[in-house]
Each structure stands twice: as structure tokens, then as C-alpha cells.
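Here is the structure we will look at, set down as C-alpha cells.
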Amino acid sequence: MQYRDSFLRSVVVIDTETTNMYPDKAEIVELAAARYDGNNWDVVSRLFGAADGIPPEASAKNHISRHMIEGLPTFIDAVDPAKSMLGVNQAKMWVAHNSDYDQTVLDRAFTAAGDHGSATLMHMRDMWICTYRLSQQLLDISFDDMQYNLSYLRYKLDLPVDDALGAHRAAADTVVCAVLFEFLVDYALATDAVTDGPDLAEQIWALCWRPRPITKWPFGKNKGKLLSEIPTDYYMWALDNMDALKEGSAGFSPDLAASVAAELEKRLAT
């Protein structure tokens, strides 16, 4: 497939390991990036120091100890190597699993380093594809029990990854993410969700980020109710008060906002 291979070569698949699960509090302690060479994914990774150290709860997840990063330059002090790994100003797009998290921590790290140009690129959604979301768009019909975390998808889809490869370190997760991304691109082509044309990148991006219909309210006193069962006055309150429905807010959910808008438009029409 002519355009499939050139598209895969144009992206950089990345993963970060950090000091905190909340991106607004996290420092990057490891970065990995993978590029497609026509047959395999070549991965490079690097550890960084942390100004505030790494707490044990983060180490328990990513297995990066304080001894491993002690004395190393922080991300802020090693911006140029990080940019080289990421292919800033070279990559057509970046790919990550749950990309919102990686985008946020990279945006914050580059901003803290005074590199606002790179921070802007990290923030731009049209430069990113999320394999978590792309999996949801493509696989929810085929797999009734589907979960979407990276390790589950690795084994559910029997991805061609060495069994000796671990998890939760940036390099290992980047390998799995890259192989998953290649699988998803091939799956999309095989199922005619996209076509192998010069705009393949744009097709995959649009498929990834198109709104996903939500039928049940996800939180609060109406959690579990069908959107069609929720009173209009509650929606009016929610639009004014819930970050999930406010574009630009950290907790904004484009899927929920689009589904609520569609429900309200339906009511106006009747």
C-alpha cells in the first residue's frame, strides 16, 4: 500500500513517564519515541531528573527509582535532546495512547523551558493522533468486552510484541503503542473506514477525533440515565456549570458536548 507506508514513516510515536498521574503536577522523568523504518519501529528513550524528585507512588507504577534519575539533567535542562527525539518541526504528526496526558505534560515542560514554539506544537490537536481514542472508534463494534488501556489491547488483539517486553516504562509502552497504531491503520484500511490515498493522514486523524455518540450521562446525580431521560433544565444548568461541556476547560469532553447538543437540537425540533 503506497500511502500507508509513507504515512507510518511520517509519524513519531511517543510515551512519557512522569512523577504524577495529574498532568498539571507532573514532571517528565522519561521520554521515548519510535519511528517506522519500513519494517519495524525503532525506539529511543531517555531518563530525566526531577526537580522535586520522584514519589514512591510514581515509582511503583513506572519502576523508575529516585536512584535512577539522581543527578540527571531535568527535561528543562535537556530540551534540545528531547526535541530531537520528538522530531519537532519534522514529524507530520505525533501518536500516543491517551495523548491528552502526554500533550499536557510536554506543553508544560516546554513552556517551563521557555520554548513556547514547541509548547504550541504539543498543544495543537491537529498534530496528534490518540490510539486510545482510535481504538474506541474502530473496535467497539467488534469487541463487546473491549477495554482500551494499552496492556489490555496488547493481549486482546494478540499484537506481535515480544512476550519478554515489560510495561509502564516509556520505551516498552512506545513499542506497544506503535505496533497497536500500525494494527489500527491496517484495520481501518481493511474495513474501508479509510482509503489508501494521499490524504490518509487526514483521514486517520478525522476518524480518531470525530465525536463519539454518548447515550448515558456519565456522572453526578443523573449518572447512568439515558440522555433522552434528563430534564432540559438540568442541561441548562450543566452548560453553565460543568467543565465537561465548556470548550477550552481542562475537563472538556467533546463527545459529551456533541451528544448533549444533538439531544437539545432534537428537542427544539419537536
Side-chain angles (χ1 to χ4, degrees), residues 1-15 33-43 87 90-103 124-161 173-216 218 226-228 253-263 265-266:
M1 293 187 180
Q2 176 184 357
Y3 296 102
R4 177 260 195 199
D5 284 357
S6 60
F7 170 50
L8 292 180
R9 289 177 184 271
S10 73
V11 306
V12 177
V13 183
I14 71 103
D15 184 60
R35 290 176 172 84
Y36 188 66
D37 67 5
N39 294 295
N40 300 297
W41 292 91
D42 293 328
V43 183
Q90 297 170 358
K92 183 179 182 67
M93 290 180 182
W94 289 284
V95 177
H97 203 70
N98 190 18
S99 66
D100 282 347
Y101 182 89
D102 297 285
Q103 285 182 255
M124 294 170 59
R125 174 162 285 179
D126 58 0
M127 294 289 295
W128 288 82
I129 292 172
C130 176
T131 50
Y132 179 93
R133 189 175 177 86
L134 191 57
S135 298
Q136 290 179 311
Q137 299 284 23
L138 285 167
L139 304 178
D140 55 352
I141 295 173
S142 300
F143 299 97
D144 292 337
D145 64 340
M146 179 56 65
Q147 299 176 36
Y148 298 101
N149 73 69
L150 191 57
S151 292
Y152 183 91
L153 289 169
R154 170 183 176 175
Y155 296 111
K156 177 67 179 182
L157 301 174
D158 195 22
L159 296 176
V161 175
D173 284 355
T174 298
V175 170
V176 178
C177 184
V179 174
L180 171 63
F181 179 61
E182 184 178 357
F183 170 90
L184 292 171
V185 171
D186 289 342
Y187 186 92
L189 287 164
T191 57
D192 296 324
V194 298
T195 57
D196 187 42
D199 63 341
L200 179 58
E202 289 74 19
Q203 292 181 68
I204 293 290
W205 184 91
L207 178 62
C208 174
W209 294 112
R210 71 184 181 188
R212 296 185 68 246
I214 292 177
T215 58
K216 293 183 179 180
L226 294 173
L227 265 60
S228 59
S253 169
D255 297 329
L256 182 61
S259 296
V260 168
E263 177 61 29
E265 288 172 6
K266 188 190 306 180

Problem set entry | Separation between CH2 of Trp209 and CD1 of Ile204, rounded to the nearest 0.5 Å | 13.5 Å
Exercise. Is there a donor-acceptor contact under 3.5 Å from the side chain of Trp128 to the main chain of Asp100?
Worked result: no
For this session: Kindly indicate whether the side chain of Met93, heavy atoms from C-beta on, has any atom under 4.5 Å from the side chain of Cys208.
Result: no
Exercise. Where is the tightest heavy-atom contact between Lys92 and Glu202, given as atom of each residue plus distance?
Worked result: NZ-OE2, 3.6 Å
Seminar exercise, completed: On a heavy-atom basis, the closest approach of Pro213 and Pro211 is CD-O, 3.8 Å
For this session: Answer whether the closest heavy-atom distance between the side chains of Thr174 and Ile14 falls below 4.5 Å.
Result: no
Exercise. When rounded to the nearest 0.5 angstrom, what distance separates CG in Asn98 from CD in Gln103?
Worked result: 9.5 Å
Exercise. What are the two closest non-hydrogen atoms of Asp255 and Arg212, and how far apart are they?
Worked result: OD1-N, 2.9 Å
For this session: Can you measure from CG (Leu134) to CG (Leu180) and round to the nearest 0.5 angstrom?
Result: 8.0 Å
Exercise. Roughly how far, to the nearest 0.5 Å, is the CG atom of Leu150 from the OH atom of Tyr132?
Worked result: 11.5 Å
Exercise. Are Arg4 and Leu200 side-chain neighbours, meaning at least one heavy-atom pair lies under 4.5 Å?
Worked result: yes
Problem set entry | Name of the residue among Asp173, Asp15, Thr131 meeting side chain to side chain donor-acceptor pair (under 3.5 Å) with His97 | Thr131
For this session: Quickly, which of Val161, Leu153, Val13 forms a side-chain contact (heavy atoms from CB on, under 4.5 Å) with Val179? Name it, please.
Result: Val161
For this session: Decide yes or no for Leu139 and Tyr187: does some side-chain heavy atom of the first lie under 4.5 Å from some side-chain heavy atom of the second?
Result: yes
Exercise. Taking C-beta and beyond as the side chain, do Ser99 and Ile129 meet within less than 4.5 Å on heavy atoms?
Worked result: no
Exercise. Has the side chain of Asp5 got a donor or acceptor atom that lies under 3.5 Å from a matching backbone atom of Gly38?
Worked result: no
Exercise. Is the shortest heavy-atom distance from the side chain of Phe181 to the side chain of Val11 under 4.5 Å?
Worked result: yes
For this session: Kindly say whether Arg210 contributes a backbone atom to a donor-acceptor pair with the side chain of Arg133 at under 3.5 angstrom?
Result: yes
Exercise. Would you say the side chain of Asp196 lies within less than 4.5 Å of the side chain of Phe7, judging by non-hydrogen atoms?
Worked result: no
For this session: Kindly say whether Tyr148 contributes a backbone atom to a donor-acceptor pair with the side chain of Gln136 at under 3.5 angstrom?
Result: no
Exercise. Should the ring pair Tyr36 and Trp41 be called parallel, tilted or perpendicular, given that the plane angle runs from 0 to 90° and is split at 30 and 60?
Worked result: tilted
Exercise. Any side-chain heavy-atom pair from Leu256 and Pro218 closer than 4.5 angstrom?
Worked result: yes
For this session: Kindly give the heavy-atom pair with the smallest separation between Glu182 and Leu8, and that separation in Å.
Result: CG-CD1, 3.9 Å
Exercise. Could you go step by step and tell me if Leu189 and Val185 meet the side chain to side chain contact (heavy atoms under 4.5 Å, CB included) rule?
Worked result: CA-CA 6 Å; Leu189 287 164; Val185 171; 4.1 Å; yes
Exercise. Hey, what do you get for CG (Leu157) to CZ (Phe183), rounding to the nearest 0.5 Å?
Worked result: 4.5 Å
